[in-house]
Q: 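Could you have a look at this structure, given as structure tokens, before my questions?
In what follows, chains carry the letters A, B, and so on, assigned in the order in which the sequence lines appear, proteins first and then strands, with residues in each chain numbered from 1.
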There are 2 protein chains.
Amino acid sequence: MCAASHTYQFPRPAIAVDCVVFGYSPEGLHVLLLKRGVEPFAGKWVLPGGFLHQGESGDEALKRLLLEKAGIQKIWAEQLYTFTNPARDPREQIISIAYFALVKSMDIEPVAGRDTVEAQWKLVQSRIALGFDHAEILQTALDRLAAKLRWQPVGFELLPPKFTLSELQHLYETILRKSIDKRNFRKKILAMNLLDACDEQVTAGSGRPAQLYRFNAKKYKELSRQGFHFEL
Amino acid sequence: MCAASHTYQFPRPAIAVDCVVFGYSPEGLHVLLLKRGVEPFAGKWVLPGGFLHQGESGDEALKRLLLEKAGIQKIWAEQLYTFTNPARDPREQIISIAYFALVKSMDIEPVAGRDTVEAQWKLVQSRIALGFDHAEILQTALDRLAAKLRWQPVGFELLPPKFTLSELQHLYETILRKSIDKRNFRKKILAMNLLDACDEQVTAGSGRPAQLYRFNAKKYKELSRQGFHFEL
DNA sequence: GCAAAAGTGTTCTTAGTACACCCATGC
DNA sequence: GCATGGGTGTACTAAGAACACTTTTGC
């Protein structure tokens with residue numbers, strides 16, 4: 001008996017992997033978008049993505065695609081949701097396993113690829129119209145990011161390794177869309193003992209120089225195993 | 001130019017939809033399992049599932065499969081995670097869009113289907129060995145259920161429309177794996193104003209009869225829109 | 001009348017919130 | 001010396017945790 005005799009022998013939808021890549025700067029939260037050079041949606045902005053190859057896991061495909069499309073190598077990413085609406089691609093049914101990713105720096109040079117004429121970081125708040133169902137995917141990612149930020153130390157993935165408390169607070173305020181009391185924020189985050197003060201200070205133009213901190217991932221893992229859970 | 005000219009023309013993985021169906025009784029939390037009648041994993045217990053047909057969304061496939069495999073019609077369900085490890089099925093790459101579902105009653109008669117010799121409710125705690133990567137899927141669903149129970153009123157989906165506070169508390173204790181103080185639990189849940197007392201009481205064998213309550217989904221939606229969020 | 005489960009309040013502790021001034025630097 | 005952003009402490013309030021006895025029914 002053939003080993004594959006019980007698998008599904010009818011036409012199969014194609015499988016895409018798309019990724020919402022977030023980047024942060026003092027201006028606000030950004031998404032990496034590509035301008036399509038080919039139909040459908042030629043000239044429209046879309047999320048970076050591509051097809052899942054056979055023998056590849058979703059995570060592997062994601063890694064390959066981010067490297068191909070944006071030259072991004074090391075990155076925090078996790079699966080977001082799988083979009084299966086048969087009408088989401090006008091050509092034929094293509095299901096999309098969507099991921100979302102956080103980069104520490106927007107310095108990466110997004111390179112336009114084969115089907116892409118341009119790549120740019122766009123402010124989330126600019127609400128650019130997107131091709132396919134990518135607006136829905138982006139919204140799902142935004143909701144997830146805000147929820148995740150509250151319960152898991154993912155904010156640090158959007159900042160350089162060393163950052164000031166003001167930068168961190170501003171990031172939280174931006175993503176959670178609310179202002180936070182400076183003293184309470186500092187008290188709470190420092191009380192967790194997950195930030196190590198560096199031997200450095202940084203001065204940002206004017207004003208008193210700020211202490212730089214570094215997130216201690218090791219300590220976080222240790223505490224997590226002991227039942228601690230992050231909350232902000 | 002052919003409309004499909006830019007889609008992925010290479011061999012495509014098949015797409016399955018699998019579902020972790022939870023049911024609750026005073027004995028504990030149960031999962032609906034099927035015993036496979038065909039290779040691979042003939043004789044092993046697995047989660048109900050099947051292939052996604054072309055033109056079908058994941059949610060539609062889920063609905064069809066639950067009806068076919070278990071005669072389950074109205075049910076609370078949501079997408080859990082998509083499992084893509086190429087080795088998860090020994091025949092060929094089959095990605096699985098996993099769902100988890102909650103049923104209010106385990107009275108449904110799980111009917112053995114074409115590839116299935118038996119269907120049974122099994123206690124989660126019995127830790128039965130499962131075929132494919134279904135143990136991993138089940139564990140993911142358990143973690144998600146526990147997390148969700150704390151922040152969303154999903155517990156009611158596992159109870160009949162009318163229930164006592166003791167039943168509800170016991171459900172929380174079972175799924176969260178910790179005991180809860182009776183007075184504090186009642187105070188908190190009643191303070192939310194989401195439970196309507198029925199004009200009925202029920203007596204369970206011996207002991208004082210208990211008040212029956214009903215979850216007011218309408219009120220919950222209303223409050224949610226006003227920024228309220230459930231927490232227990 | 002006793003076994004069994006339902007129901008009920010108060011105190012203490014902890015975490016959250018609100019709030020205003022001084023400090024170090026660049027120009 | 002002034003503009004700019006960094007840094008700090010306390011009092012009040014709300015929510016969570018701990019805790020033991022009375023009530024109603026079946027047998």
Side-chain angles (χ1 to χ4, degrees), chain A residues 24-28 149-151 153 159-160 162-174 176-214 223 226-232, chain B residues 24-28 149-151 159-160 162-174 176-214 223 227-232:
Chain A
Y24 171 80
S25 86
E27 285 172 276
L149 202 63
R150 298 268 291 105
W151 315 110
L159 290 174
K162 297 176 181 178
F163 50 86
T164 67
L165 292 185
S166 295
E167 285 167 352
L168 185 63
Q169 179 177 347
H170 185 252
L171 184 151
Y172 270 82
E173 290 179 323
T174 302
L176 300 180
R177 301 240 219 73
K178 65 170 187 185
S179 56
I180 305 173
D181 180 86
K182 202 195 334 182
R183 284 164 292 190
N184 293 340
F185 179 81
R186 283 161 189 248
K187 207 189 310 169
K188 200 165 177 184
I189 191 89
L190 289 175
M192 291 185 202
N193 254 319
L194 291 174
L195 300 188
D196 296 340
C198 305
D199 291 336
E200 282 174 83
Q201 295 192 327
V202 71
T203 171
S206 72
R208 176 173 171 176
Q211 177 67 246
L212 284 172
Y213 290 87
R214 195 186 273 283
L223 288 171
Q226 294 170 26
F228 163 86
H229 64 269
F230 184 93
E231 182 184 336
L232 229 155
Chain B
Y24 172 81
S25 85
E27 285 171 275
L149 201 64
R150 296 268 290 106
W151 317 109
L159 290 174
K162 296 174 182 179
F163 51 86
T164 68
L165 292 184
S166 294
E167 285 166 353
L168 185 64
Q169 179 177 348
H170 185 253
L171 183 150
Y172 271 82
E173 289 178 325
T174 303
L176 300 181
R177 303 242 219 72
K178 64 172 189 185
S179 57
I180 304 173
D181 180 86
K182 204 198 329 185
R183 285 164 291 189
N184 293 341
F185 179 82
R186 285 165 186 248
K187 207 187 310 170
K188 200 166 177 183
I189 191 91
L190 290 176
M192 292 186 204
N193 255 318
L194 292 173
L195 300 187
D196 297 339
C198 305
D199 292 336
E200 281 174 84
Q201 295 194 327
V202 69
T203 173
S206 74
R208 176 172 172 177
Q211 176 68 245
L212 283 172
Y213 291 86
R214 193 187 274 283
L223 287 171
F228 163 87
H229 65 268
F230 185 94
E231 180 184 338
L232 228 155

Q: Rounded to the nearest angstrom, tell me the gap between atom CD in A:Gln201 and atom C1' in C:dC23.
A: 12 Å

Q: Give B:Lys188 one of three labels, base, sugar-phosphate or nothing, depending on what nucleic acid heavy atoms sit under 4.0 Å from its own.
A: sugar-phosphate

Q: What is the distance from atom CG of B:Asp196 to atom CG of B:Leu212, rounded to the nearest 0.5 Å?
A: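 Here the interatomic distance stands at 12.5 Å.
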
Q: Work out which heavy atom in B:Gln211 is nearest to a heavy atom in B:Tyr213; give both atom names and the distance.
A: CG-CE1, 3.4 Å

Q: For C:dG7, take OP1 and OP2 only and decide whether either is under 4.0 Å from a side-chain N or O of B:Arg186.
A: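 True: B:Arg186 side-chain N/O within range (under 4.0 Å) of C:dG7 OP1/OP2.
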
Q: When you list every nucleotide of DNA chain D with an atom under 4.0 Å from a heavy atom of chain B, which one comes first 5' to 3', and which comes last?
A: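 Endpoints of the contacted stretch of DNA chain D: D:dG16 to D:dG26.
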
Q: To the nearest 0.5 Å, what is the distance between NE2 (A:His170) and CZ (A:Phe163)?
A: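 It comes to 15.5 Å.
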
Q: Toward the 5' end of DNA chain C, which comes first, A:Arg183 or A:Arg208, by nearest nucleotide?
A: A:Arg183

Q: Give the rounded distance in Å between these two atoms: CD1 of A:Ile180 and P of C:dT17.
A: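 For the pair A:Ile180 CD1 and C:dT17 P, the rounded distance is 10 Å.
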
Q: Of A:Gly207 and A:Lys187, whose nearest nucleotide on DNA chain D comes first from the 5' end?
A: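 Checking each residue's closest nucleotide, the 5'-ward one belongs to A:Gly207.
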
Q: Would you please name every residue forming a salt bridge (charged side-chain N to carboxylate O under 4.0 Å, His left out) with B:Glu200, sequence neighbours left out?
A: B:Lys162

Q: Measure CD/B:Glu231 against P/C:dA15 and give the value in whole Å, please.
A: 14 Å

Q: Working to the nearest 0.5 angstrom, can you tell me the gap between B:Ile189 CD1 and B:Asn184 CG?
A: 13.0 Å

Q: Under a 4.5 Å cut-off applied to non-hydrogen side-chain atoms, are B:Leu194 and B:Phe228 in contact?
A: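 In short, these two side chains touch, coming nearer than 4.5 Å.
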
Q: Would you kindly compare A:Asn184 and A:Ser166 by the position of their nearest DNA chain D nucleotide and give the one closer to the 5′ end?
A: A:Ser166

Q: In whole angstrom, what separates B:Asp181's CG from C:dT11's P?
A: 16 Å

Q: I need the CZ-C1' distance between B:Phe185 and C:dG7, as an integer number of Å.
A: 14 Å

Q: Without decimals, in angstroms, what is the distance between B:Leu212 CG and C:dA5 P?
A: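 That distance rounds to 17 Å.
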
Q: May I have the distance from A:Gln211 (atom CD) to C:dA24 (atom C1'), rounded to whole angstrom?
A: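 Atom-to-atom, A:Gln211 to C:dA24, this comes out as 13 Å.
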
Q: Could I get the full list of ring pair (Phe, Tyr, Trp, His ring centres under 6.0 Å) partners for A:Phe230, not counting sequence neighbours?
A: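 With neighbours one apart ignored, the set is empty.
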
Q: Could you tell me the separation between the NZ atom of B:Lys182 and the C1' atom of C:dG9, rounded to a whole number of Å?
A: 14 Å

